[in-house]
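Working notes, structure below.
Please read all numbers here as calculations on a predicted model, not as lab measurements. Below, read A as the first sequence line, B as the second, and so on, with proteins coming before strands; counting in each chain starts at 1.
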Amino acid sequence: EPEVTQTPSHQVTQMGQEVILRCVPISNHLYFYWYRQILGQKVEFLVSFYNNEISEKSEIFDDQFSVERPDGSNFTLKIRSTKLEDSAMYFCASSGTLGDTQYFGPGTRLTVL
Amino acid sequence: QKEVEQNSGPLSVPEGAIASLNCTYSDRGSQSFFWYRQYSGKSPELIMFIYSNGDKEDGRFTAQLNKASQYVSLLIRDSQPSDSATYLCAVKWRDAGGTSYGKLTFGQGTILTVHP
């Protein structure tokens, strides 16, 4: 069964450093999403992406964040200058259409020291 | 501000019992509703979705939607210890023109424990 994959599973970084989280969505899906979950808190929407551009973003998704589909399979989330409060699980998801179910990847645990 | 609320629990039921998980949401606009299960340290895993008022059954799971009361629930019949997890309710809203932007708004989740 097709699945969303994410790398790395765990990323440790120093405050102020740039990180890139990578995702490979399900191959025939067209819509891609990033969510995050701070430990013990709700899953929060960050951004949705379709046709090589952002469809919607939350207030969390400020200028420190960017997304890119660098090739036909990868979808990345870049955090330019990490803060302590960026420590969270970051989940990538994909869906065939906007109305379809979103399938989540296993997540990347980001720890900012 | 569109909100999704769940009782965080924990909800404890004996093996074989029916577990009932509830979710309310704040805005009457057109929506789709999703139930996800999340084991500790893992990602959300889809259980089922519901779009229309009434009940929808899938194996041991039944989702119930009442749009007038802004309420959606998940029933788990014959609960098993392996069902012990956090259950997340998620809502996808559409705008007045019926366009969905894909964003899922999650509740805080209900922790379910099924004890043998």
Using a cut-off of 6.0 Å, state whether more than 12 heavy atoms not belonging to A:Leu113 lie near its atom CG. yes
If only atom types and distance count, is the side chain of B:Ser43 paired as donor or acceptor with the main-chain N or O of A:Gly105 below 3.5 Å? yes
Pick one of side chain, backbone, both or neither for A:Gln41, based on which atoms fall under 4.5 Å of a heavy atom in chain B. neither
Does atom NZ (B:Lys42) have a neighbourhood of more than 12 heavy atoms from anything else shown, all under 6.0 Å? no
Would you say CG of A:Asp63 has more than 12 non-hydrogen atoms from neighbouring residues, nucleotides or ligands within 6.0 angstrom? no
Report the distance from atom OG of A:Ser58 to atom NZ of B:Lys103, rounding to the nearest 0.5 Å. 6.5 Å
For this output row, return yes or no: ring centroids of A:Phe45 and B:Phe106 closer than 6.0 angstrom. no
Cluster check B:Val72, B:Met48: I/L/V/M/F/W/Y, side chain < 4.5 angstrom: yes
Same apolar cluster (I L V M F W Y, side chains within < 4.5 Å links), A:Val47/A:Val24: no
Enclosure of B:Lys56 NZ (heavy-atom neighbours >12, cutoff 6.0 Å): yes
Got more than 12 heavy atoms from elsewhere within 6.0 Å of OH, A:Tyr90? yes
State whether the side chain of B:Lys92 and the backbone N or O of A:Thr101 hold a donor-acceptor pair below 3.5 Å, judged by distance alone. no
Select one option (side chain, backbone, both, neither) describing which atoms of B:Gln38 are under 4.5 Å from chain A's heavy atoms. side chain
Just how far is it from atom CZ of A:Phe104 to atom CG of B:Leu46, taken to the nearest 0.5 Å? 9.5 Å
Is there a donor-acceptor pair under 3.5 Å between the side chain of A:Gln102 and the backbone N or O of B:Gly102? yes
For a quick test of reading the model, state the closest non-hydrogen atom pair linking B:Leu104 to A:Tyr35 and the distance between them. N-OH, 3.1 Å
